[in-house]
Amino acid sequence: ARRCWPRRVLLLCIACKATRCTPTDVQCDVIVIGGSVAGLSAAVTSAKEGARTCLLSPTDMLGGQMTSNGIPALDFATENGRSPFNVSGATPDTLSANQPADFVTLLHSLHGPNYRNTCWVSPYCFLPTDLESNGIAAMLTAAGPNLRVFRQTVLLNVTTQQTVGHSGSQPIRVESARAVQRTAVATAKCGGYDVRLSKSLPDWYSPEPSARFGKEIIQFTAPVWVDTSYNGELLALVPGAPFLQGIDEAFDGDVSGTAGNDTIGQSFTMTFQSQLHDAPVPQPEDLPAMDPGWNPDPFRASPAIHTPTNRLDWFNLWTRRRSYHSAEPPRVRSPMVGEDPPPVNNVSVGDVHLAAWSDFNFRYIFTSKKTTEATVGTPLWVGGYDLASIDGAERYSYGAYVRYAQAAPPQWLNHTDLNSSYMGTCTGLSKMPYIRDGRRSVGVGNFIIDMNFTNGYHTPTLPTDCVALMGHGFDIWGHHMMEKQVDDIPLGVGDCAPNDAICNAYPAYMREGGNSGYTCAPLRAFTNAKVANLVVGGYTMAQSFMLNSALRMHPEEFQGGVAAGATAAHMAVSNVQSTEAALASPAVVAAIQTRVRRHAPLQYAGGSTWPPAVGFICAYVFQRCVQVPGGGTFTRNNTWPTCPGACVPLATNEWLAISTSYVYDAATKTATFGTATRIKKSTVNSGMIPGNESLVIKADAHIELTTPPSSPLKVDKYTYVLLTCATSRCGQPSRADSQRMR
């Protein structure tokens with residue numbers, strides 16, 4: 001092979017000087033950029049569907065969030081994955097019923113279908129090296145000879161063709177891309193992962209050999225391209241390809257990409273693992289220092305944790321995302337659902353703790369669009385990452401480790417290490433950062449999945465171009481703030497200090513929180529408005545910032561990869577020239593859906609939509625028909641069924657509030673709320689009802705009432721009262737009003 005090796009080696013051979021970096025040509029039917037969760041499923045699906053597929057991964061591990069990005073703790077929505085993969089009215093094994101077959105096989109490869117969990121934040125926690133060497137390796141083998149994997153490979157530049165006089169909306173085609181693949185030299189430690197990412201990325205993207213890596217330049221060509229990278233690498237390199245980044249949306253659904261701020265988004269983290277030993281071990285020395293004022297709090301308050309102080313202690317945190325438990329564990333009960341935290345004795349020597357809580361909140365991971373564009377084609381190109389931000393996140397994580405280790409109980413003080421074995425680095429940190437939002441495509445017709453598309457709860461009927469089942473609550477971890485939760489549902493980005501400019505840059509509508517609902521992502525979301533032969537998936541899918549916060553989870557990303565791979569394979573095998581042409585043909589859409597169904601369901605178990613199990617009672621204390629958890633079907637927009645007795649529906653200005661959430665002043669007829677909360681039209685969990693039937697009430701809010709609050713009504717673990725407000729929304733802005741706020 002024509003490789004580029006360190007200069008000191010090449011100088012021994014004069015003939016090598018002129019051809020030191022001659023490109024190797026590789027032709028494929030489909031090229032998938034990014035070894036992410038979506039990249040893995042897209043490449044395997046494409047190969048199984050008969051397309052010669054090439055997968056490019058920036059590291060030597062595949063699986064993104066599950067492996068190299070350091071989140072081997074899967075985030076399932078309540079209804080499609082958690083305890084134990086079951087939903088009301090569905091089959092007992094909902095994991096198999098509502099997830100892609102390869103995803104189920106991947107998880108069962110770790111522990112089998114009767115896996116007893118090691119952590120409490122997720123039904124599946126594991127060691128990244130285990131998944132890579134077992135499930136992922138088998139998955140690649142099953143994909144067959146159509147799949148070629150290029151590990152440790154990143155893009156340098158692309159060649160595009162502009163079609164003059166193009167009759168459609170996609171005048172751009174990607175023709176080829178030049179990439180650099182690095183191979184660690186024999187003397188490199190940890191396979192070349194001995195240097196922090198912020199210092200190593202420039203080497204990764206340089207075509208020149210270095211003291212740690214030999215380099216090979218590869219020229220890739222293909223008729224169809226798929227971007228499933230976390231940084232939107234191909235989107236950023238293609239001139240004229242529209243995409244969104246950070247909060248550059250003035251309102252949910254804004255595709256202009258100019259009205260917001262593209263240097264503010266979700267926080268991210270360089271995760272690490274720590275192992276518990278039976279005796280004190282040397283602690284790491286000479287770690288890079290944090291900046292003054294940085295104060296990572298491992299045990300930060302969380303209303304979702306039902307402990308006396310609503311704070312995690314050392315044991316709670318240790319077991320939260322524990323990747324390995326050396327003893328045969330009992331099934332760990334979850335404080336997230338109101339149960340007791342794991343017992344103190346549920347910790348054993350040999351345990352491996354995953355730290356994904358050291359969120360870096362001070363600087364966005366990507367450079368601005370303008371800065372990124374200026375680096376393309378220059379030595380400054382590093383995938384559009386902000387190196388200073390990654391450096392800060394690394395130092396912050398080291399500080400977080402020290403803080404957590406020093407807080408260990410006496411019997412475990414200095415018994416933990418900054419483990420390198422399972423992340424595969426000498427630095428003790430993950431190979432890549434855990435990113436919560438990436439560069440997002442704008443689809444054909446300027447389409448993106450937004451809250452209007454999901455209708456605040458779920459798509460009422462599955463779209464005709466449905467290609468990927470998805471759904472999760474909004475999950476935003478913003479700058480200089482802690483995510484706030486009420487009723488076990490995130491309240492968006494939470495409140496900001498008045499002088500916190502970064503936090504206050506988030507548009508007001510993002511503070512409402514809520515749920516993406518259970519929907520099916522349409523084929524439109526896997527396209528780009530200007531690039532004919534580009535398919536997107538995972539983080540790069542055409543979606544708003546709010547929907548990205550919900551659809552970025554492991555299962556959703558895998559589902560999106562299957563859809564992207566099936567789409568790309570069909571385009572390549574059937575010679576479909578553009579995604580626009582695919583969308584215009586019902587026969588092509590149906591053919592793509594047929595390919596998807598060979599790998600993943602396109603209908604939820606139990607029905608074509610996802611109604612939660614609810615029922616209705618006549619709340620005798622205030623004579624209103626109230627929706628409660630239980631049997632029955634879900635109704636929307638306050639259209640209640642007939643209740644027993646003389647009950648009537650809640651009026652537009654009547655809302656249910658938790659009885660302890662406010663103080664009523666009879667003289668002013670005002671309810672004052674001491675902490676952030678929600679008032680609702682239902683006692684059903686906030687994440688299970690439409691957005692228009694739940695209002696976020698900020699701390700210290702004052703609501704004017706026309707009558708005193710009703711007598712209390714006990715439903716499950718909460719006691720509710722009926723508030724009759726002076727206005728229909730109790731003085732709170734509507735979602736449309738919030739979206740207009742800056």
Side-chain angles (χ1 to χ4, degrees), residues 30-43 45-46 55-58 63-65 69 154-155 158 170 172 174 177 224-249 255 257 262 265-266 268 365-366 369 372 383-385 432-444 446-450 467-468 470 521-554 556-568 571 579:
V30 173
I31 294 179
V32 179
I33 307 300
S36 60
V37 175
L40 174 64
S41 60
T45 301
S46 175
L55 172 61
L56 281 58
S57 172
Q65 291 190 72
N69 296 64
V154 295
L155 296 184
V158 298
Q170 296 178 305
I172 304 171
V174 178
V224 183
W225 297 74
V226 181
D227 191 348
T228 51
S229 62
Y230 292 122
N231 60 323
E233 188 146 301
L234 193 57
L235 282 172
L237 283 172
V238 176
F243 64 87
L244 302 171
Q245 175 179 308
I247 59 170
D248 60 355
E249 305 165 47
V255 297
D262 64 359
Q266 292 220 50
F268 72 101
I365 191 169
F366 300 127
K369 292 179 182 177
T372 299
Y385 289 106
M432 294 293 287
Y434 170 37
I435 301 173
R436 292 188 173 90
D437 66 312
R439 295 184 172 96
R440 312 179 301 279
S441 178
V442 175
V444 168
N446 288 333
F447 175 82
I448 63 172
I449 303 177
D450 58 12
V467 290
M470 294 185 173
L523 182 59
R524 290 160 281 169
F526 295 83
T527 67
N528 185 266
K530 297 296 182 183
V531 187
N533 61 338
L534 174 59
V535 177
V536 293
Y539 277 42
T540 60
M541 193 169 60
Q543 56 192 317
S544 69
F545 178 83
M546 288 296 286
L547 266 294
N548 171 253
S549 77
L551 304 184
R552 64 181 176 82
M553 307 303 171
H554 305 77
E556 283 70 26
E557 192 187 346
F558 198 101
Q559 294 256 18
V562 170
T567 301
M571 289 179 64
T579 54

Ignoring hydrogens and geometry beyond distance, is a side-chain donor-acceptor pair present between N528 and S441 at under 3.5 Å?
yes

Would you call T372 and R439 a side-chain contact if the rule is heavy atoms closer than 4.5 Å?
yes

Does any non-hydrogen side-chain atom of V442 lie less than 4.5 Å from one of F243?
no

Side chains of T228 and V32 in contact at under 4.5 Å (non-hydrogen atoms)
yes

Taking every heavy atom of A521 against every heavy atom of F526, the minimum-distance pair comes out as CB-CE1, 3.9 Å

Atom OG1 of T567 and atom CG of L523: how far apart are they, to the nearest 0.5 Å?
5.0 Å

For A564 and V536, work out which heavy atoms get closest and say how close.
CB-O, 3.7 Å

Measure the spacing between CD1 of I435 and CG of N69 and express it to the nearest 0.5 Å.
6.5 Å

Salt-bridged, K369 to D248, with N to O below 4.0 Å?
yes

Is there a side-chain contact between V238 and V174 (heavy atoms, below 4.5 Å)?
yes

From E556 CD over to L547 CG, what is the distance, rounded to the nearest 0.5 angstrom?
11.0 Å

What I want to check is whether the side chains of S544 and R440 have a donor and an acceptor closer together than 3.5 Å.
no

Taking all heavy atoms of V535 and all of V224, pick out the closest pair and write down the distance.
CG2-CG1, 4.3 Å

May I ask you to decide if G565's main-chain N or O and T45's side chain share a donor-acceptor pair within less than 3.5 Å?
no

Is there a donor-acceptor contact under 3.5 Å linking the side chains of Q266 and S549?
no

Test side chain to side chain contact (heavy atoms under 4.5 Å, CB included) on S36 and Q65; report intermediate values, then the result.
CA-CA 7 Å; S36 60; Q65 291 190 72; over 6 Å; no

At their closest point, which heavy atom of A568 faces which heavy atom of V30, and how far apart are they?
O-CG2, 3.6 Å

Pair R524-V444, side chain to side chain contact (heavy atoms under 4.5 Å, CB included): steps then yes or no:
CA-CA 6 Å; R524 290 160 281 169; V444 168; 5.9 Å; no

To the nearest 0.5 angstrom, please state how far the CG atom of N548 sits from the CG atom of D450.
13.0 Å

Who passes salt bridge (charged side-chain N to carboxylate O under 4.0 Å, His left out) against E233, sequence neighbours left out?
none

Check the pair Y230, Y539 against ring pair (Phe, Tyr, Trp, His ring centres under 6.0 Å), reporting the backbone distance first and the verdict last.
CA-CA 6 Å; Y230 292 122; Y539 277 42; 4.7 Å; yes

So how far is it from R552 CZ to Q543 CD, rounded to the nearest 0.5 Å?
11.0 Å

For the pair W225 and N533, evaluate side chain to side chain contact (heavy atoms under 4.5 Å, CB included) and give the outcome as yes or no after the intermediate values.
CA-CA 6 Å; W225 297 74; N533 61 338; 3.7 Å; yes

Please report the closest heavy-atom contact between L234 and L534, naming both atoms and the distance.
CD2-CD1, 3.7 Å

I want to check something: taking the side chain as every heavy atom from C-beta on, are I448 and L244 in contact at a cut-off of under 4.5 Å?
yes

I'd like to know if the side chain of E249 reaches the main chain of F545, judged simply by a donor and an acceptor atom lying under 3.5 Å from each other, with no hydrogens or angles considered.
yes

Output the distance between atom CE (M546) and atom CG (D437), rounded to the nearest 0.5 Å.
12.5 Å

I31 vs V226, test: side chain to side chain contact (heavy atoms under 4.5 Å, CB included). Steps then yes/no.
CA-CA 6 Å; I31 294 179; V226 181; over 6 Å; no

Check M541 against A525 and note the closest heavy-atom contact, atom names and distance.
CG-O, 3.1 Å

Using modelled atom types only, decide if a donor and an acceptor are shared between the side chain of Q559 and the backbone of M470 within a distance under 3.5 Å.
no

